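In what follows, a structure is listed as structure tokens, so that the remarks can point back to it.
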Amino acid sequence: MGLELYLDLLSQPCRAVYLFAKKTGIPFQLHTVNLFKGQHLTEEFSQVNSLQKVPVLKDGDFFLSESSAILIYLSCRCQVGDHWYPPDLQSHARIHEYLGWHADNIRGTFGVTLWARIIAPLMGLQIPEEEVERNKTGMSQALQQLEDKFLRDKAFLMGQEMTLADLMSLEELMQPVIFGYDVFEGRPRLAAWRERVEAFLGAELWQETHAPALNFLDQWTKNTLLMLRPESYPSFLLRIARIP
Amino acid sequence: MGLELYLDLLSQPCRAVYIFAKKNGIPFQLRTVELLKGQHYTDSFAQVNSLRKVPALKDGDFTLAESVAILLYLSRKYKTPDHWYPQDLRARARVDEYLSWQHTALRSCCTRALWQKMMFPVVLGQPVPQETLSSTLADLDSCLQLLEDRFLRDQDFITGSQISVADLMAIEELMHPVGAGCQVFENRPKLAKWRQRVEAVVGEDLFREAHTVILKVKDTPPLDPAVKELLHSVRSLLQ
């Protein structure tokens with residue numbers, strides 16, 4: 001049995017892992033874990049990851065969670081171009097510097113749009129407008145730092161070539177875009193970077209990766225998504241409560 | 001000019017970097033950046049880290065922010081013993097996995113526990129609603145449980161039988177609520193034994209030295225109002 005990936009393409013870090021594995025031609029078996037249907041809460045999935053989260057990688061009897069750890073593992077384990085996770089001391093340090101900043105400033109911040117517009121209402125909850133506005137300010141500040149400290153005048157976040165950092169970053173930024181808030185508007189440098197990443201990955205792979213999220217949006221627009229019982233999703237409630 | 005480390009031992013990740021560098025005999029100039037005096041807002045510090053955060057590293061012309069990046073840079077450059085950040089792919093992945101998880105899980109509740117239990121009420125003179133503090137302490141409790149059940153399990157150290165940078169980062173997070181007077185190890189024998197093992201590897205003297213600031217944080221004199229203003233960004237920790 002080769003590599004297996006447990007993913008839900010509704011999730012930003014899952015999309016980063018999927019894009020990487022597909023683009024680099026790493027063969028894997030895909031297990032879709034539908035978060036909206038609570039498949040991450042099953043006893044069966046707890047055997048895969050007791051933290052009840054995706055993405056997860058399974059390599060024989062080795063299970064690994066956390067998207068950055070998975071991306072790093074795959075880039076070392078499989079034959080992929082050096083540019084994804086460059087080995088020289090300073091480039092390697094810069095990627096980890098980005099990932100540290102990303103954890104504080106990007107992760108958590110860019111997911112709020114989906115929660116506020118779609119998931120909370122489907123649980124019968126309303127996220128206060130002031131929280132939504134505060135989140136927009138948070139996103140704006142993070143985007144400014146992304147441009148000024150990381151991207152600057154380079155083609156990609158780390159330099160002239162794509163790295164894991166670009167995938168992690170762009171997929172977070174795509175979340176509000178997909179769910180109705182265009183973070184690239186008024187930010188031509190970031191928009192150009194996005195285009196370069198998309199061009200590198202290829203239109204077909206890009207569309208395939210984002211289809212499930214767009215499909216989810218479509219179902220919501222057509223009112224075909226079922227309401228969620230809040231008590232069945234304590235982790236969702238916790239997530240909503242954490243929105244500043 | 002050799003390696004410079006810009007640190008405030010009030011900060012969890014700074015303590016981890018300090019212990020790592022000292023334990024491994026890495027020669028460095030310590031540049032203390034006192035957060036409670038707003039020194040991270042000076043222009044000279046912005047030259048080292050435009051994000052105005054500690055820890056930060058300066059190695060000749062090369063500047064670097066973010067504790068994990070700094071720890072890994074030091075481990076590679078100074079060729080520290082393998083167990084700190086193993087070459088073995090799977091062992092290293094376990095460290096990477098922990099370092100990623102802790103950033104969005106343990107870091108948040110340990111920082112909030114210190115600020116809500118100690119820094120706001122005692123040092124800044126700003127009371128915190130009991131409900132807020134209770135919720136934070138409940139979060140902390142859940143995180144500690146995850147640390148025990150999911151990461152430490154029956155192992156001596158977080159990622160196996162040997163200490164790694166994961167243990168340094170973890171112990172420093174836990175020392176934060178300890179500094180605030182929280183009972184972190186008292187009802188958790190597994191964590192208490194793990195702490196003893198980590199202290200034994202690090203060495204009693206170094207461990208004590210690294211924690212002088214955090215363990216005396218309740219004695220911090222009242223802050224200058226100008227500095228209080230500068231620290232407005234910590235208001236987000238009131239949640």
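The chains referred to below are lettered A, B, ... by the order of the sequence lines, with proteins before strands, and numbering in each begins at 1. Since we're looking at a predicted model, the values are computed, not measured.
Listed in order of number, the residues of residues 45-55 of chain A that approach chain B to under 4.5 Å between heavy atoms are Asn49(A), Ser50(A), Leu51(A). Within residues 148-164 of chain B, the residues that have a heavy atom under 4.5 Å from a heavy atom of chain A are Arg150(B), Phe151(B), listed by number.
The greatest number of non-hydrogen atom pairs below 4.5 Å with chain A, out of Ala65(B), Ser108(B), Ser67(B), is found for Ala65(B). Considering only heavy-atom pairs separated by less than 4.5 Å from chain B, the leading option among Ala69(A), Cys76(A), Gly100(A), Ala241(A) is Gly100(A). Taking chain B as the reference chain and counting heavy-atom pairs below 4.5 Å, the highest number among Pro244(A), Ser65(A), Ser67(A) is found for Ser65(A). Counting heavy-atom pairs closer than 4.5 Å to chain A, the top-ranked of the candidates Arg94(B), Arg90(B), Arg107(B) is Arg90(B). Of the listed residues (Lys149(A), Arg107(A), Gln90(A), Gln145(A)), the greatest number of heavy-atom pairs within a distance under 4.5 Å of chain B belongs to Gln90(A). Among Leu99(B), Leu57(B), Thr63(B), Val68(B), the residue with the largest count of heavy-atom pairs under 4.5 Å with chain A is Thr63(B).
A side-chain donor from one of Ser169(A) and Tyr98(A) sits under 3.5 Å from a side-chain acceptor of the other.
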All N/O donor-acceptor pairs, side-chain side in residues 5-16 of chain A, below 3.5 Å, sequence neighbours left out:
| unit_1 | atom_1 | unit_2 | atom_2 | d |
| --- | --- | --- | --- | --- |
| Asp8(A) | OD1 | Leu10(A) | N | 2.8 |
| Asp8(A) | OD2 | Leu35(A) | N | 2.8 |
| Ser11(A) | OG | Cys14(A) | N | 3.3 |
| Gln12(A) | OE1 | Gln175(A) | NE2 | 3.2 |
| Gln12(A) | NE2 | Glu172(A) | OE1 | 3.0 |
| Arg15(A) | NE | Glu171(A) | OE1 | 2.6 |
| Arg15(A) | NH1 | Leu9(A) | O | 3.0 |
| Arg15(A) | NH1 | Leu10(A) | O | 3.3 |
| Arg15(A) | NH1 | Gln175(A) | OE1 | 3.1 |
| Arg15(A) | NH2 | Glu171(A) | O | 3.2 |
| Arg15(A) | NH2 | Gln175(A) | OE1 | 2.7 |

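The aromatic rings of His92(A) and Tyr85(A) sit tilted relative to each other, their planes meeting at an angle between 30° and 60°. Under the 30°/60° scheme for interplanar angles, the aromatic rings of Phe20(A) and Trp84(A) are found to stand perpendicular.
For Leu72(B), the part lying under 4.5 angstrom from a heavy atom of chain A is the side chain only. Only the side chain of Thr104(B) comes within contact range of chain A, with at least one heavy atom under 4.5 Å from a heavy atom of that chain. Using a 4.5 Å cut-off between heavy atoms, Leu57(A) does not touch chain B at all. For Leu89(B), the parts lying near chain A are the backbone and the side chain together; criterion is any non-hydrogen pair under 4.5 Å. For a residue to count as touching a neighbouring chain, one of its non-hydrogen atoms must lie under 4.5 Å from one of that chain's; by this rule Leu64(A) touches chain B with backbone and side chain alike.
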Go through the steps for Glu66(B) and His96(A) under the test side chain to side chain contact (heavy atoms under 4.5 Å, CB included), then give the verdict. CA-CA 8 Å; Glu66(B) 293 297 329; His96(A) 282 278; over 6 Å; no
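Within 6.0 Å of CG on Asp88(A) lie more than 12 heavy atoms contributed by other residues, nucleotides or ligands. Around atom NZ of Lys193(B), no more than 12 heavy atoms belonging to other residues, nucleotides or ligands sit under 6.0 Å away.
Separating the CD1 atom in Ile178(A) from the OG1 atom in Thr113(A) is a distance of 10.5 Å, to the nearest 0.5 Å.
No salt bridge links Lys154(A) with Asp166(A); every basic N to acidic carboxylate O contact stays at or beyond 4.0 Å. Note on Arg134(A) versus Glu131(A): no salt bridge recorded, every NZ/NE/NH1/NH2 to OD/OE distance being 4.0 Å or above. Of the charged side-chain nitrogens involved, none lies within less than 4.0 Å of a carboxylate oxygen, so that Arg92(B) and Asp82(B) do not count as a salt-bridged pair. Taking 4.0 Å as the cut-off between side-chain N and carboxylate O, Asp148(A) and Arg189(A) count as a salt-bridged pair.
Here the side chain of Ser135(B) pairs no donor or acceptor atom with the backbone of Glu131(B) at under 3.5 angstrom. Between the His40(B) side chain and the Arg52(B) main chain, no donor and acceptor come within less than 3.5 Å of each other.
Applying the side-chain hydrogen bond (donor to acceptor under 3.5 Å, both in side chains) test to Arg77(A) and every residue at least two apart in sequence or in another chain returns Asp59(A).
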